[in-house]
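To keep things clear, I will list the structure first and then write my remarks on it.
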There are 2 protein chains.
Amino acid sequence: MRTKDIEEKTGLTRDTIRFYEKENLITIPRRADNGYRYYDDKIIRQLKMISRAKALGFTLKEIKELTVLLYSGELTPTKMAGELSKKRDEIDEKLLKLSELKSEIDKALKGLCEYKDELNSP
Amino acid sequence: MRTKDIEEKTGLTRDTIRFYEKENLITIPRRADNGYRYYDDKIIRQLKMISRAKALGFTLKEIKELTVLLYSGELTPTKMAGELSKKRDEIDEKLLKLSELKSEIDKALKGLCEYKDELNSP
DNA sequence: CTTGACTATGGACTAAACTCTATAGTTTAG
DNA sequence: CTAAACTATAGAGTTTAGTCCATAGTCAAG
């Protein structure tokens with residue numbers, strides 16, 4: 001898959017993807033004879049994961065750690081297990097924070113309903 | 001509560017809090033006679049919410065919208081309900097993304113366990 | 001062949017979100 | 001009282017994460 005296609009598929013711009021390649025966030029794509037990049041499925045998965053993690057407030061540094069863990073196969077299984085568990089904990093922390101935020105909004109919405117009910121009550 | 005205390009309570013630096021004040025992300029704190037800021041509970045709640053939302057990938061612009069919704073009391077209930085519902089949807093989207101990320105990590109961890117099991121199997 | 005759409009590159013530029021600097025007043029503990 | 005720790009300010013400086021620019025090769029359709 002070439003650059004324009006992958007822009008569409010991932011929602012990331014060419015420049016952003018190039019930036020990620022330069023920062024070693026993704027596997028270096030193979031090149032055709034004309035110098036064009038070809039992105040295989042693995043890289044697409046990486047980019048989708050980056051896009052997702054970015055939207056969740058992970059820094060590129062953190063995301064890089066994650067992609068190394070998930071896609072590079074350079075770590076020993078023991079090391080990987082340890083690091084993945086840490087990442088999992090970070091995610092649980094964010095899940096908690098999101099739930100808290102959601103609760104706050106639900107509370108405000110509930111307050112609005114009660115306010116409305118008061119307006120409508122006889 | 002004065003600045004150093006609030007730094008500790010929120011995990012945000014003085015400069016960051018000042019920045020948020022300047023950007024109108026928080027209610028302007030009252031001042032003592034000596035010019036020192038005093039932060040009441042409402043502001044502490046605001047700062048904690050900002051800290052949380054920031055860690056979840058919301059931009060300061062988005063966070064500002066949220067604090068207006070939750071803390072300012074300037075919007076009509078109908079408008080508020082609409083906007084809060086939108087924010088709630090955004091959070092649900094992030095919850096989904098987090099779950100997907102967590103699944104990917106769990107899958108990798110599971111793969112490691114199975115790899116270990118294979119090593120240990122007779 | 002031509003033209004427009006695609007691709008590439010390196011490096012300059014931008015925006016968001018702080019962080020630091022220089023200066024100076026106030027508080028607190030010894 | 002003294003010195004260190006606290007507070008304040010405005011504006012300059014830094015970091016992160018892209019985005020743009022200028023240039024030029026390649027592809028595809030007419």
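Letters go in sequence order (proteins before strands), and every chain restarts at 1. Here the structure is a predicted model, which is why all the values come from computation and not from measurement.
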Problem - Pair A:Glu7, A:Thr13: side-chain N/O donor-acceptor within cut-off below 3.5 Å - result: no
Exercise for the section: Round to the nearest Å and state the distance from B:Leu47 atom CG to C:dC18 atom P. Expected result: 12 Å
Exercise for the section: Check every strand shown and say whether B:Arg37 touches a base, only sugar-phosphate, or nothing at a heavy-atom separation below 4.0 Å. Expected result: sugar-phosphate
Exercise for the section: In whole angstrom, give the distance that lies between atom NZ of A:Lys54 and atom P of C:dA17. Expected result: 14 Å
Practice task
Starting at CD1 of B:Ile105, measure out to CG of A:Leu69 and round the result to the nearest 0.5 Å.
Solution key: 8.0 Å
Exercise for the section: Provide, to the nearest angstrom, the distance between the NZ atom belonging to B:Lys4 and the C1' atom belonging to D:dA4. Expected result: 12 Å
Fill in the blank from the handout: Here the distance between atom C1' of D:dT19 and atom CD1 of A:Ile17, to the nearest Å, is 14 Å
Fill in the blank from the handout: Closest to the side chain of B:Thr59, out of D:dT19, D:dT7, C:dA17, is C:dA17
Problem - Lys/Arg-Asp/Glu bridge criterion (N-O < 4.0 Å) met for B:Lys87, B:Glu62 - result: no
Practice task
Return no unless some side-chain N or O of B:Thr13 is found under 4.0 Å from OP1 or OP2 of C:dC18.
Solution key: no
Exercise for the section: Could you please name the partner base of D:dT14, counting Watson-Crick and G-U wobble pairs only when both distances are under 3.5 Å? Expected result: C:dA17
Handout entry: Check ion pair B:Arg18-B:Glu21 (N to O, under 4.0 angstrom)
Key = no
Practice task
Give B:Tyr20 one of three labels, base, sugar-phosphate or nothing, depending on what nucleic acid heavy atoms sit under 4.0 Å from its own.
Solution key: sugar-phosphate
Problem - Distance, rounded to the nearest Å, where A:Asp33 contributes CG and D:dT26 contributes P - result: 11 Å
Exercise for the section: From the options C:dA8, C:dT19, D:dG18, select the nucleotide whose nearest atom is closest to the side chain of B:Thr16. Expected result: C:dT19
Handout entry: Pair B:Glu104 + A:Arg52, salt bridge at N-O below 4.0 Å
Key = yes
Polar pairs (N or O, both sides) under 3.5 Å between protein and nucleotides 20-25 of chain D?
| from | atom 1 | to | atom 2 | distance (Å) |
| --- | --- | --- | --- | --- |
| D:dG25 | N2 | A:Tyr36 | OH | 2.7 |

Practice task
Quickly work out the B:Glu23 CD to C:dA15 C1' distance and round it to whole Å.
Solution key: 12 Å
Exercise for the section: With DNA chain C as reference, determine whether A:Asp5 or B:Phe19 sits nearer its 5' end, using the nearest nucleotide of each. Expected result: A:Asp5
Exercise for the section: Find the distance A:Ile26:CD1 to D:dG18:P and express it as a whole number of Å. Expected result: 12 Å
Completion exercise
Side-chain contact check for B:Thr3: nearest option of C:dA17, C:dT7, D:dT7 is D:dT7
Handout entry: Basic-acidic side-chain contact under 4.0 Å: B:Lys97, B:Glu93
Key = yes
Problem - Below 4.0 Å: OP1/OP2 of C:dC18 and any side-chain N or O of B:Lys22 - result: no
Practice task
Pick out which of A:Asp41, A:Thr10, A:Thr27 makes a side-chain hydrogen bond (donor to acceptor under 3.5 Å, both in side chains) with A:Gln46.
Solution key: A:Thr27
Exercise for the section: Specify the separation, in whole Å, of atom CG of B:Leu60 and atom C1' of C:dA15. Expected result: 12 Å
